[in-house]
Structures are given as structure tokens and as C-alpha cells.
Amino acid sequence: MKKRKSRWKRSTVRAVVAAVLAITLCLQPCMSVAVGYFITDPATMLTRYVEDDGSFGEFQWVQIPYGYVNQGRWVYIGPEGYIITEDCSVPGPVIDMGDGVFAVDQRVRSATGAEEQQPVFSVPVGKQRDLQYAGTRQMLDAIPLYPDATTGSAELDALLEQIFAQIITPDMDTHDKLKACYDYLITTFFDPRYEEGVPVYENVPNMGMFSTYSDASLLSFSGSGVCDNFSAAFAVMSWKLGVPMYIASGYTSKSDGGYTPHAWCQLDGTDGTVYVFDPHIDYLLALRSGKTSSYVRFGAPSSKVAGKYTDITMIFDKVN
């Protein structure tokens, strides 16, 4: 099925900035299993949902029925019956972004951790300076941490334990632990579109999972991936530390002009500031410069990367 205002693959249509959520209109859609049917509009070649009475259903979540690709998942029906989201694992709040663009918030991560889980806090930072942006360290070190006990995958858990034993030390604060994870991703893995190398896909666990953990496993065990995988891996590492990172996607600007599909990580500060963490962009900048990383997208406040990201359509964390 094709939908309106969608230009991305399933794996890259995922995000809306948290700040936008606070100022846009949140629709309260109804949900239903499809009792109508889908058609392809011959004029636009886009998919529309038709009710049993022949009218076009509008402003509702519809579960894809048996016999269709991705049956059982959900799509949101917008004006004139057009599908305006990618298929989603579960319905979520829908926000009218204007200009025919809608956003879906599929975050399921609890900000307070598991039931009765007590938060931990960062170690004292002393006089350490921010890596790139003033205030980023202070923001990170003030976050109550609720570390994830498991990813749900024994193989991925074991690998993360092995990686953390190499890169994390007890005297690090939250800022430097995240930097260590960031550095590990940038210096260890590659994107085969930009570097020569052969991914090793044999024995990659969780390949059948439709989740962030699958994207993270693909990078971690194959050695390579794209922006979705870099962002998923950084998010999963952040959750192991207890940081409530989430994933966003849409478009990012290109050096030669225009925009390209992309996925990245974000974190909401207590003051409403959205901080961007984009390991894939910093990987590419490091590749071009020959340096470890410029860290230009490590904890960058959204005001510092204004215009770098656009057409954000969904936010999510553990599911997609």
C-alpha cells in the first residue's frame, strides 16, 4: 500500500521533535480493525481507505487486514481516506504538523524505569568541561538513571556487557559514558555505502524481531549498518546506562544541498530543550576528516542544528 506524504522506507520514517509535540494539535483518533477496504487511486497511485458505505474513512487508525502486506499492523487514515503514516506496530497520538504532514508518537519507554526501580545518578563531575556544547554535561549528569536490566536477547546482553567492560569505567559521569559509547560506534563499525568492507550477517540474533533491538543487533554483530542501525545501537547502549534516549527520523541536510532520509537520536531536557545525538553523521564527518569525531552532533541543542533536520514524522524507542 502507498500512502500520502511518505517518502521513506519503513525503517526510516519515525520521528517528531518533542518540542513540536507541545505546540501542535494532538488529534484523538478512533481505532478499528478494517471493516472497509483499500484501493489505489489511479490519479495519484496512493492508497485510500474506503468504508463499507463507499465513503472515504478519515482521521482514524485502521488495522491492516488479512491478505495485505504487513497484516495486523496499523496505519493512520487522514483527509480524503489517504494513508498518511507508515505502518506502525501500535497506534499512537497523531499530531497535525501542517502542510499535509502528520506525526505519530510511538514512544513506550517509561521515564521512571521499571516498577519500584530506584534511580541512580551520575558521579560528581568536578571541573570537567563539556565536550562540545555548554550545558550538555550538566543536563546529562542531572538525569535520574534507570538502567535496563536486559534487552530481551541473551546474545545482545552478553555483547553489551563485553563492550561496556572495555569502554566504561566507574569514575566516568553520564556525559563521558555516552561519549565512550559514541566513540565506540564511530570507530568500530562502518557503513558499506561509504567504506569498503563485507558485512557478516551469519549468526546475527534478533533478525526476525521488528524492533529497535533488531536494528542494533544488525550493526553490533554484522559490523556494519546505516543510520537506522547506528542510532538504534546508541539508543540501546543509552538505555543500558539508564538514559531515556529516543529515536527520531525524517530528513537531514546534505553537504551538497537538499535533504536525504535519515534517523538519529534525541533526548528531552528538563527545560524543554531537545538535544540531538547523531552518531552516523559524526561517523561520516570523521571518515571525511580522518579524525575520531568532530562531535558536532553529540548533544547538540536543537537550536544549534536548526535547519539540519526536517519533515519529522514519528518518534519511537523500543518499537517501530
Side-chain angles (χ1 to χ4, degrees), residues 17-19 107-114 116-151 156-157 159-188 212-213 216 219-220 230-248 264-283 292-305 315 317-318:
V17 182
R107 286 179 290 181
V108 298
R109 181 177 177 81
S110 170
T112 57
E116 298 184 358
Q117 182 180 6
Q118 297 300 308
V120 295
F121 289 89
S122 180
V123 299
V125 298
K127 296 183 179 180
Q128 297 180 67
R129 299 181 60 183
D130 293 322
L131 179 65
Q132 181 69 269
Y133 301 100
T136 302
R137 184 186 295 272
Q138 182 180 9
M139 178 275 298
L140 288 172
D141 291 340
I143 294 176
L145 306 175
Y146 295 89
D148 278 0
T150 179
T151 64
L156 186 55
D157 285 345
L159 180 59
L160 288 174
E161 289 289 347
Q162 178 183 342
I163 294 170
F164 273 37
Q166 298 172 11
I167 67 173
I168 303 293
T169 58
D171 61 325
M172 290 180 173
D173 65 344
T174 303
H175 175 283
D176 287 349
K177 288 178 180 178
L178 284 176
K179 175 184 176 294
C181 295
Y182 208 76
D183 288 341
Y184 182 84
L185 294 175
I186 291 171
T187 59
T188 304
T212 304
Y213 297 117
L219 180 77
S220 302
F230 276 75
S231 297
F234 185 66
V236 170
M237 296 173 92
S238 299
W239 301 338
K240 181 174 175 60
L241 295 172
V243 179
M245 198 74 65
Y246 61 91
I247 301 173
W264 62 96
C265 289
Q266 294 186 169
L267 183 65
D268 297 338
T270 56
D271 64 351
T273 300
V274 176
Y275 295 85
V276 171
F277 295 82
D278 196 337
H280 190 264
I281 288 293
D282 271 323
Y283 154 78
T292 301
S293 176
S294 61
Y295 302 107
V296 296
R297 305 290 173 88
F298 180 87
S302 55
S303 60
K304 297 292 186 180
V305 290
I315 63 174
D317 42 38
K318 294 185 179 180

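Numbering of residues begins at 1 and proceeds along the displayed sequence.
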List in chain and number order the residues that pass side-chain hydrogen bond (donor to acceptor under 3.5 Å, both in side chains) with T188, two or more places apart in sequence or in another chain; answer none if no residue qualifies.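 So T188 forms no side-chain hydrogen bond (donor to acceptor under 3.5 Å, both in side chains) with any residue.
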
Inter- and intrachain pairs under salt bridge (charged side-chain N to carboxylate O under 4.0 Å, His left out), touching residues 134-143, at least two apart: R137-D173, R137-D176

Checking side chain to side chain contact (heavy atoms under 4.5 Å, CB included) for the pair D171/V123: CA distance, chi angles, key distance, verdict? CA-CA 7 Å; D171 61 325; V123 299; 5.8 Å; no

Is it true that [Y] and [X] share a donor-acceptor pair across their side chains at a distance under 3.5 Å?
X: T151; Y: D157; result: yes
X: Q266; Y: Y246; result: yes
X: D278; Y: Y283; result: no
X: S294; Y: D282; result: yes

Apply ring pair (Phe, Tyr, Trp, His ring centres under 6.0 Å) to Y275 and list each qualifying residue two or more places apart in sequence or on a separate chain. none

Spatial distance of atom [atom1] ([X]) from atom [atom2] ([Y]) [nearest 0.5 Å]:
X: C265; Y: M237; atom1: SG; atom2: CE; value: 11.5 Å
X: L241; Y: M172; atom1: CG; atom2: CE; value: 10.5 Å
X: Y295; Y: D183; atom1: OH; atom2: CG; value: 3.0 Å
X: Q132; Y: H175; atom1: CD; atom2: NE2; value: 9.5 Å
X: D268; Y: M139; atom1: CG; atom2: CE; value: 9.5 Å
X: Q118; Y: L145; atom1: CD; atom2: CG; value: 13.5 Å

Side-chain donor/acceptor of [X] to backbone N/O of [Y], under 3.5 Å:
X: S231; Y: I247; value: no
X: D148; Y: T150; value: no
X: W239; Y: M245; value: yes
X: Y133; Y: V296; value: yes
X: Q117; Y: A114; value: yes

Any side-chain heavy-atom pair of [X] and [Y] under 4.5 Å:
X: V125; Y: Q138; value: no
X: F277; Y: F234; value: yes
X: I281; Y: W264; value: no
X: S293; Y: Y182; value: yes
X: V274; Y: P301; value: no
X: L178; Y: F298; value: yes
X: T174; Y: I143; value: no

Taking all non-hydrogen atoms of both residues, which atom of [X] and which atom of [Y] are closest, and how far apart?
X: P144; Y: P119; value: CB-CB, 3.8 Å
X: I167; Y: Y184; value: CG2-CD1, 4.0 Å
X: L267; Y: P244; value: CD1-O, 3.4 Å

Testing I168, V243, L140 one by one against K177 for a side-chain contact (heavy atoms from CB on, under 4.5 Å), which residue passes?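 It is I168, the one option of I168, V243, L140 that forms the side-chain contact (heavy atoms from CB on, under 4.5 Å) with K177.
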
Hey, does the Lys NZ or Arg CZ of K240 hover above the aromatic six-ring of F164, less than 6.0 Å from the centre and inside 45° of the axis?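 Yes, K240 lies over the aromatic ring of F164.
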
